[in-house]
Amino acid sequence: MASKQRRFADDGWGVWIEGDDTSTVYLNEWINPQGKTYVDFGIHIRGVRETKNLFVYIPFYVTEAEVEDLSLKLDNEGILCAVFSTTCWLDYKKNDCASEIAYNGKTVDILHISGVGFTLQPVDEGSLIQISLEKAQEYLDNDEIYILFRVPHKSLDAVFSRGKSPMKFFAHLKNLVTSPVVSVKYGYSVRINEARMLPEKIRKMGGFYRQKLKKAVVTMAVDESYDINDSNCYRVRRLEDNLYKTYAPNDFPRESAIIYQWNQTRERNLKRQFNFYIETSRQTVSCASLIVYTIILLAIGAAGNGLWTLIQYLVSLL
């Protein structure tokens with residue numbers, strides 16, 4: 001019988017914008033169970049001329065050095081086609097703090113947070129990013145913007161980490177002996193603006209309670225050897241390796257990655273939060289189990305041979 005393991009992460013993100021309630025939030029997960037996992041955070045803001053600040057609560061600690069400005073990676077139209085799934089025209093770095101793209105009959109600014117700057121402060125067990133959009137107004141020519149950044153997804157790294165302890169070692173040894181097939185199921189709940197999942201300091205901020213995002217989209221890129229419960233999946237496609245090779249994280253296995261996408265809108269979810277549940281699983285044949293079986297068989301064979309030699313010796317004495 002296969003050894004079954006279950007691992008789970010439940011993240012509560014917070015996003016609110018002073019002056020806008022029709023924005024869309026995008027989370028793009030680069031799931032890499034064998035290495036570092038990353039999450040790309042994107043916010044599409046409409047009516048930015050009336051917007052003062054953007055706040056993003058991340059449910060784990062990050063440093064300023066770990067916040068990567070993704071807008072700087074959008075330096076060619078091929079990458080834009082991959083990220084936005086449509087043909088785009090690009091004016092890259094039209095000034096120190098913004099680029100501009102045109103697609104689907106509209107023109108939108110992409111804000112470079114590395115240029116305009118942001119503040120980051122620890123809040124309980126997470127981090128709060130604040131971006132002043134009032135300061136960015138002089139660099140913007142349009143009333144719509146995208147803000148894109150990437151951070152290591154530390155809560156998922158903890159889920160995928162095996163960890164080391166005496167009890168885990170003996171449990172792992174038992175699993176190796178009882179079955180060569182290992183089945184691991186990973187559950188990940190993405191909750192955006194769900195108050196009970198956020199620390200008290202965030203819940204007390206007035207802007208958070210007034211926020212009503214229009215839509216949230218979660219995209220997951222994962223190696224195809226992992227099975228996905230995609231019953232609520234909006235779209236499935238293969239990762240375009242040639243287009244994503246300079247955009248995806250450096251250590252992400254692009255060659256065999258599949259993209260899954262889910263979305264929710266306020267038309268179906270009238271509350272202020274969005275809730276996604278993602279389940280992945282994998283069954284593998286453990287090479288370590290096969291080695292253990294081989295050692296046990298050799299030990300039994302050696303013991304049996306020694307016992308037979310002993311019996312022959314005793315019989316010769318009689």
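Along the sequence shown, residues carry numbers from 1. When reading the values below, keep in mind they use all heavy atoms of this one structure, side chains included, and skip hydrogens, waters and symmetry mates.
Annotation for S132 and V116: closest pair O-CG2, 4.3 Å, computed over non-hydrogen atoms. Contact between C81 and T87 at its shortest, heavy atoms only, is SG-CA, 4.0 Å. Across every non-hydrogen atom of Y103 and C88, the tightest pair is CB-SG, 3.8 Å. Of all heavy-atom pairs between E224 and I258, the closest is CB-CG1, 3.8 Å. Closest non-hydrogen pair, I45 versus S23, comes out as CA-OG, 3.4 Å. For L213 against F274, the heavy-atom pair with the smallest separation is O-CZ, 3.6 Å.
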Derivation and outcome, side-chain contact (heavy atoms from CB on, under 4.5 Å), residues V15 and N193 = CA-CA 6 Å; V15 182; N193 286 11; 4.2 Å; yes
What's the verdict on side-chain contact (heavy atoms from CB on, under 4.5 Å) for I131 and N53, showing C-alpha distance, side-chain angles and the deciding distance?
-> CA-CA 6 Å; I131 300 172; N53 290 288; over 6 Å; no
Could you check F252 against Y247 for ring pair (Phe, Tyr, Trp, His ring centres under 6.0 Å), going step by step and ending with a plain yes or no?
-> CA-CA 10 Å; F252 184 78; Y247 184 81; over 10 Å; no
Applying side-chain contact (heavy atoms from CB on, under 4.5 Å), run through I79 and L90 and close with a yes or a no.
-> CA-CA 10 Å; I79 297 298; L90 170 68; over 6 Å; no
Let me see the working for T219 and N28 under side chain to side chain donor-acceptor pair (under 3.5 Å), right down to the final yes or no.
-> CA-CA 5 Å; T219 303; N28 181 19; 4.9 Å; no
Give the C-alpha distance, both sets of side-chain angles, the deciding distance and a yes or no for salt bridge (charged side-chain N to carboxylate O under 4.0 Å, His left out) between D143 and R46.
-> CA-CA 6 Å; D143 204 26; R46 300 171 180 83; over 6 Å; no
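Counting non-hydrogen atoms of neighbouring residues, nucleotides and ligands closer than 6.0 angstrom, the NZ atom of K154 exceeds 12 such neighbours. By the 6.0 Å contact criterion, NZ on K73 is enclosed, its count of non-hydrogen atoms from other residues, nucleotides or ligands being greater than 12. By the 6.0 Å contact criterion, CD on E200 is open, its count of non-hydrogen atoms from other residues, nucleotides or ligands being 12 or less.
V190 and Y26 are members of different hydrophobic clusters when ILVMFWY side chains are connected at heavy-atom separations under 4.5 Å. Grouping the Ile, Leu, Val, Met, Phe, Trp and Tyr side chains by contacts below 4.5 angstrom, directly or via other members, places I43 with L133. In the hydrophobic clustering of ILVMFWY residues, with side-chain heavy atoms under 4.5 Å counting as a link, V67 and V56 come out together. The hydrophobic clustering, which links ILVMFWY residues whose side-chain heavy atoms are closer than 4.5 Å, places I58 and I278 together. Grouping the Ile, Leu, Val, Met, Phe, Trp and Tyr side chains by contacts below 4.5 angstrom, directly or via other members, places V48 with L54.
In this structure, Y260 has its ring center no closer than 6.0 Å to that of Y226. A distance of 6.0 Å or more separates the ring centres of F276 and W262.
S189 places no side-chain N or O within donor-acceptor distance of the main-chain N or O of D10, the cut-off being under 3.5 Å. S127 places no side-chain N or O within donor-acceptor distance of the main-chain N or O of V123, the cut-off being under 3.5 Å. Y92 places a side-chain N or O within 3.5 Å of a backbone atom of L72 that can act as its donor or acceptor partner. Within the 3.5 Å criterion, the main-chain N or O of T37 finds no donor-acceptor partner in the side chain of N32. In this structure, the side chain of N229 does not engage the main chain of E279 through any donor-acceptor pair within 3.5 Å. With Y186 contributing its side chain and V159 its backbone, the two residues share no donor-acceptor pair below 3.5 Å. N263 contributes no side-chain N or O that, together with a main-chain N or O of V218, makes up a donor-acceptor pair within less than 3.5 Å. Under a 3.5 Å cut-off, the side chain of E194 and the backbone N or O of W13 do not form any donor-acceptor pair.
Looking at D40 and L148, their side chains never come closer than 4.5 Å, going by heavy atoms from C-beta outward. Side chains of I113 and F149 form a contact here, defined as non-hydrogen atoms less than 4.5 Å apart. Side-chain contact between Q121 and K201 is present, with heavy atoms from C-beta onward closer than 4.5 Å. Y139 places none of its side-chain heavy atoms less than 4.5 Å from the side chain of D141. Counting heavy atoms from C-beta outward, M205 and L128 have side chains that approach closer than 4.5 Å. At least one side-chain heavy atom of Y146 sits under 4.5 Å from a side-chain heavy atom of V108. For the pair Q261/M220, no side-chain contact is recorded, criterion being any heavy-atom separation below 4.5 Å from C-beta on. Counting only heavy atoms from C-beta outward, the side chains of V217 and L27 never approach each other to under 4.5 Å.
For the atom pair F84 CZ and H44 NE2, the distance stands at 8.5 Å (nearest 0.5 Å). A distance of 4.5 Å separates CG in N275 from CZ in R191, rounded to the nearest 0.5 Å. Taking OG of S256 as the start and CZ of R238 as the end, the distance is 7.5 Å to the nearest 0.5 Å. To the nearest 0.5 angstrom, Q130 atom CD is 4.5 Å from T119 atom OG1. Here the straight-line distance linking atom CD1 of I145 with atom OG of S99 works out to 12.5 Å at 0.5 Å rounding. In this structure, CE in M197 is found 13.5 Å from CD1 in I202, a value given to the nearest 0.5 Å.
For the pair R237 and E240, the salt-bridge criterion is met [side-chain N within less than 4.0 Å of a carboxylate O]. The pair D157-K36 does not meet the salt-bridge criterion, since no charged nitrogen lies less than 4.0 angstrom from a carboxylate oxygen. Ion pairing between E66 and R150 fails under the 4.0 Å rule for side-chain N and carboxylate O.
The stretch residues 246-264 participates, sequence neighbours left out, in these salt bridge (Lys or Arg N to Asp or Glu O under 4.0 Å) pairs: D241-R254. The salt bridge (Lys or Arg N to Asp or Glu O under 4.0 Å) pairs that include a residue from residues 104-123 are K94-D109, K106-E144, where partners are two or more places apart or lie in different chains.
Considering W30, Y38, F41, F60 as possible partners of H153, the one that fulfils the ring pair (Phe, Tyr, Trp, His ring centres under 6.0 Å) test is F60.
E29 and Y188 share a side-chain donor-acceptor pair at under 3.5 Å. Under the 3.5 Å distance criterion, with hydrogens and angles disregarded, a donor-acceptor pair is assigned to the side chains of S71 and H112. No side-chain donor-acceptor contact under 3.5 Å links N142 and T107.
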